[in-house]
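Here the structure is laid out as C-alpha cells; the discussion comes afterwards.
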Amino acid sequence: MKKVHYQGIGDKPAKRIKDFKVGEKMLFNFGETCTVLDKESTKSGKSTTFVLKDDKSKSIHKRRFQNETYWGIG
C-alpha cells in the first residue's frame with residue numbers, strides 16, 4: 001500500500017483520490033480529518049470535486065483533486 005508523509009504525524013497509508021467513496025475520511029496535516037459527503041467527477045474525468053465536512057469544526061468545504069493523486073486515509 002502507498003504511503004504519504006503528513007506534517008506533524010509522519011507517513012500514513014494512502015489511496016488514489018478516485019477510489020474514495022462517500023462516507024470515508026480523508027487525512028490532512030497534523031491529523032485533521034474530513035468526511036466525504038459527496039463527490040462529482042469533472043467533465044474531462046481527470047479530477048473530482050468533493051464536498052467535505054471538517055470533523056473538528058463541522059464546517060463544509062468544496063475541494064477539487066486530481067484523480068491520480070494519492071491521499072491519506074483518515
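As a basis for the values below, the full set of heavy atoms in this structure was taken, side chains included, without hydrogen atoms, waters or symmetry mates. Treat the numbers as computed from the prediction; the structure is a model and nothing was measured. Numbering of residues begins at 1 and proceeds along the displayed sequence.
- Under the ring pair (Phe, Tyr, Trp, His ring centres under 6.0 Å) criterion, Tyr6 pairs with no residue at all, not counting sequence neighbours.
- Grouping the Ile, Leu, Val, Met, Phe, Trp and Tyr side chains by contacts below 4.5 angstrom, directly or via other members, places Val4 with Ile9.
- Qualifying ring pair (Phe, Tyr, Trp, His ring centres under 6.0 Å) partners for Phe28, counting only residues two or more places apart in sequence or in other chains: Trp71.
- With rounding to the nearest 0.5 angstrom, the CG atom of Leu37 is 7.0 Å from the CG atom of Leu52.
- Checked by atom type and distance alone, the side chain of Asn29 never pairs as donor or acceptor with a backbone atom of Gly8 at under 3.5 Å.
- With sequence neighbours excluded, no residue forms a side-chain hydrogen bond (donor to acceptor under 3.5 Å, both in side chains) with Thr69.
- Under the salt bridge (Lys or Arg N to Asp or Glu O under 4.0 Å) criterion, the residue pairs touching residues 3-15 are Lys15-Glu24, with sequence neighbours excluded.
- For residues 33-45, the set of pairs meeting the salt bridge (Lys or Arg N to Asp or Glu O under 4.0 Å) definition, not counting sequence neighbours, is empty.
- The distance from the OG1 atom of Thr49 to the CZ atom of Phe65 is 9.5 Å, given to the nearest 0.5 Å.
- Under the 4.5 Å side-chain heavy-atom criterion for ILVMFWY residues, no single connected hydrophobic cluster contains both Met26 and Val51.
- The salt bridge (Lys or Arg N to Asp or Glu O under 4.0 Å) contacts involving residues 54-74 comprise Arg16-Glu68, Lys18-Glu68, Lys25-Asp55, Glu32-Lys56, where partners must be two or more places apart or lie in separate chains.
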